[in-house]
Amino acid sequence: MAEKNTRKHSSIVVDGVEQAPSRAMLRAVGFEDEDFKKPQIGICSTWSMVTPCNMHIDKLAEEVNRGSDAAGGKGVIYNAITISDGISMGTEGMKYSLVSREVIADSVETVSGCMGHDGIITIGGCDKNMPGLLMGMSRLNRPAIFIYGGTIQPGPDHTNIISVFEAVGGHAAGTVSDIKLKQIEDTAIPGPGSCGGMYTANTMASAIEALGMSLPNSSAQDAISQEKVEDCLSAGEAIMYLIEQDIKPSDIMTRAAFENAIRVVIALGGSTNAVLHLLAMAHSMGVELELDDFTTLGKQTPMLADLKPSGKYLMSELIKIGGIQPLMKTMLEAGMLDGSCLTVTGKTLAENLATVAPYPEGQDIIRSLDQPIKKDSHLVVLRGNLAPTGAVAKITGKEGLSFDGSARVFESEEYCLKGILSGSVQKGDVLVIRYEGPKGAPGMREMLSPTSAIMGAGLGEDVALITDGRFSGGSHGFVVGHVTPEAIEGGPIAIVRDGDRIAIDAETNTITLQLSEEEIKARLASWEKPPPRYTRGVLAKYAAQVTSASEGAVTDKYL
């Protein structure tokens, strides 16, 4: 039997007399003669001191390197950027957040594509770098594994980053003192790791594990733990098997695997950003996935996890009872997951779950299938004359299932936040934040500051918020984002006026501007498109290339 070619990419870079200059440069970074005969493993680290989510990932990358070298590969560590949503939230800088997903995807494709890596292992810890890393690996379609950097420990009194945002709203409402606010600020973020609830980071880590692209339990390990070290070492060994068997992302990231990921996100009560990111990841892999698929699957999948932001528990507490593997086994046995999907272990999902033990008796973090928090999805795709091509709401039922109110229109997130903190927002208002979409912002900022201020002010059940921007995984309340077409493209959200009545119904999946068709047409006819906010640089390039949020807000669809 002919020997398998495990160096189909690196051999082009380092084999033969003519590649002596390439070898000479690699010797300077630590290669020796024997290393040129080994498969090269590109290890993409998103280490940065920009954010606690990623501050420890350099050490994890070294563990991955040790694991791949021990298994017979030659690891090559390189970096991709990361930004912090939590730090930039509510500022102009947040416009770069979703843009960074595309930059990260481009970086993985560029570096590993250029350097001839035979396999790729990426390590992510914050919201955008996870889907960005998957998108880059998908484009190259070489044997690949994703590792989650892990979740943070909670602060005192069960606090986390959302506690700080909501304390700001409470301070404005007079229910949180200066001393209390400072105390929460000082202690809520005790060290490394991603934000602790089922916010976007933990949502995407769970989705990627359900997709089959990370090793079992990678999504459910503390950032600083021996389990996370072992996850990294194991990935180094697993990548060699994938290379030997030529198992690529296209073998794993199938339509059925994406459906598994969507169902797990729903069961966990995950972030609305999962909709945006899974659409983008599917696009990068060439898998057909549409906004309405979330509705179809959502009708068949219950929400089971009582996790923050709308629930009680943090990811660190879910980890202690077994993570998401027992949940996935329960869903598999109920026919909700496709167990035949291949994973990065080289085994099917069903084979991976065969020996998983159930959750311990008495736990109430994950409900049983016959006692769900919500019988169907909390991720609700709405349509109507205010969002003809769709909008995405996060409705757990705790906020109610419908809202009818009077519009209060704001042309940016900052203006809305000022209105909330000043006390001018009233019960029954539907806050409309527009020109915050992928093209209009540009960058589709997350509205965590205003949603947290609403909750902190005690208005969570009395005010709705709609936007062509998006929401943090930490947002909760009656919120609707991803309104499309966005305002800058002349979507109906652009012509809403103060006092217009807006009705949102999560049972009929509709969002309605209560005006006649003639009035809407007249307003749209007189609407004037504002000039772009940026005319050069990365934000201008992004605005010129990005697709609608209903298509995942990708930048390479029409090239």
Before accepting this row, confirm whether a basic side-chain N of the pair [X]/[Y] lies closer than 4.0 Å to the acidic partner's carboxylate O.
X: Arg139; Y: Asp106; value: yes
X: Lys312; Y: Asp364; value: yes
X: Asp33; Y: Arg27; value: yes
X: Lys37; Y: Glu32; value: no
X: Arg255; Y: Asp293; value: yes
X: Arg7; Y: Asp118; value: no
X: Asp246; Y: Lys248; value: yes

Can a donor-acceptor pair be found, under 3.5 Å and without considering hydrogens, that links the side chain of [X] to the backbone of [Y]?
X: Asn260; Y: Leu211; value: no
X: Thr547; Y: Val554; value: yes
X: Ser475; Y: Phe471; value: no
X: Trp47; Y: Asn79; value: no
X: Thr46; Y: Ile123; value: yes
X: His482; Y: Ser550; value: no
X: Gln245; Y: Ile247; value: no
X: Thr301; Y: Gly298; value: no
X: Arg142; Y: His9; value: no
X: Thr343; Y: Lys347; value: yes

Under 3.5 Å, is there a donor-acceptor pair linking the side chains of [X] and [Y]?
X: Tyr148; Y: Asn202; value: yes
X: Asp127; Y: His277; value: no
X: Glu317; Y: His158; value: yes
X: Tyr78; Y: Ser112; value: yes
X: Ser48; Y: Asn54; value: no

With the side chain counted from C-beta on, respond yes when [X] and [Y] share a heavy-atom pair under 4.5 Å apart, and no when they do not.
X: Lys308; Y: Pro154; result: no
X: Met94; Y: Asp85; result: yes
X: Pro372; Y: Arg367; result: no
X: Cys195; Y: Ile152; result: no
X: Pro438; Y: Met444; result: yes
X: Val76; Y: Met115; result: no
X: Met204; Y: Met281; result: yes
X: Leu369; Y: Thr330; result: yes

* Step by step, work out the side-chain hydrogen bond (donor to acceptor under 3.5 Å, both in side chains) result for Asn273 and Tyr199. => CA-CA 9 Å; Asn273 281 316; Tyr199 312 143; over 6 Å; no
Calculate, to the nearest 0.5 Å, the distance between atoms [atom1] and [atom2] belonging to [X] and [Y] respectively.
X: Tyr542; Y: Glu102; atom1: OH; atom2: CD; value: 5.5 Å
X: Ser310; Y: Lys374; atom1: OG; atom2: NZ; value: 11.0 Å
X: Ile262; Y: Leu337; atom1: CD1; atom2: CG; value: 12.0 Å
X: Ile43; Y: Lys74; atom1: CD1; atom2: NZ; value: 9.5 Å
X: Lys329; Y: Leu349; atom1: NZ; atom2: CG; value: 11.5 Å
X: Gln40; Y: Ile243; atom1: CD; atom2: CD1; value: 10.0 Å

* Asked: Between Arg101 and Thr555, does a side-chain hydrogen bond (donor to acceptor under 3.5 Å, both in side chains) hold up when you go through it step by step?
  -> CA-CA 10 Å; Arg101 186 190 73 182; Thr555 55; over 6 Å; no
* For side chain to side chain contact (heavy atoms under 4.5 Å, CB included), just list the numbers for Thr91 and Ser88, CA-CA rounded to whole Å, side-chain angles, deciding distance to a tenth of an Å, and then say yes or no. => CA-CA 6 Å; Thr91 73; Ser88 64; 4.0 Å; yes
Would you name the heavy atoms of [X] and [Y] that are closest together and state the gap between them?
X: Leu289; Y: Ala282; result: CB-CB, 3.7 Å
X: Ile145; Y: Met137; result: O-SD, 3.9 Å
X: Leu379; Y: Gly270; result: CD2-O, 3.7 Å
X: Asp35; Y: Gly30; result: OD2-O, 3.7 Å
X: Ala256; Y: Asp338; result: CB-OD2, 3.5 Å
X: Phe146; Y: Leu133; result: CE1-CD1, 3.8 Å

* To do: Could you check Lys59 against Glu62 for salt bridge (charged side-chain N to carboxylate O under 4.0 Å, His left out), going step by step and ending with a plain yes or no?
  => CA-CA 5 Å; Lys59 298 178 179 63; Glu62 293 292 348; over 6 Å; no
* I would like to know whether Ser271 and Thr200 meet side-chain hydrogen bond (donor to acceptor under 3.5 Å, both in side chains); could you show each step before the answer? => CA-CA 5 Å; Ser271 167; Thr200 303; 2.9 Å; yes
* Structure fact -> The side-chain contact (heavy atoms from CB on, under 4.5 Å) partners of Ser219 (sequence neighbours excluded) come to Ala205, Ser206, Glu209, Ile324
* To do: Mind running side chain to side chain contact (heavy atoms under 4.5 Å, CB included) on Ser377 and Phe294 for me, showing each step along the way?
  => CA-CA 9 Å; Ser377 181; Phe294 289 82; over 6 Å; no
* To do: Would you check, one step at a time, whether the test side chain to side chain contact (heavy atoms under 4.5 Å, CB included) holds for Gln300 with Ile266?
  => CA-CA 10 Å; Gln300 308 161 5; Ile266 292 169; over 6 Å; no
* **Test side-chain hydrogen bond (donor to acceptor under 3.5 Å, both in side chains) applied to Ser472 - qualifying residues, sequence neighbours left out** => none
* Asked: Could you walk me through whether Gln325 and Asn217 pass the side-chain hydrogen bond (donor to acceptor under 3.5 Å, both in side chains) check?
  -> CA-CA 7 Å; Gln325 291 278 299; Asn217 278 325; 5.1 Å; no
Taking only distance into account, with no hydrogens and no angle test, what donor-acceptor pairs under 3.5 Å do side-chain atoms of residues 231-242 form with protein atoms, sequence neighbours excluded?
{"unit_1": "Asp231", "atom_1": "OD2", "unit_2": "Ser218", "atom_2": "OG", "d": "2.8"}
{"unit_1": "Asp231", "atom_1": "OD2", "unit_2": "Lys228", "atom_2": "NZ", "d": "3.0"}
{"unit_1": "Ser234", "atom_1": "OG", "unit_2": "Glu230", "atom_2": "O", "d": "2.8"}

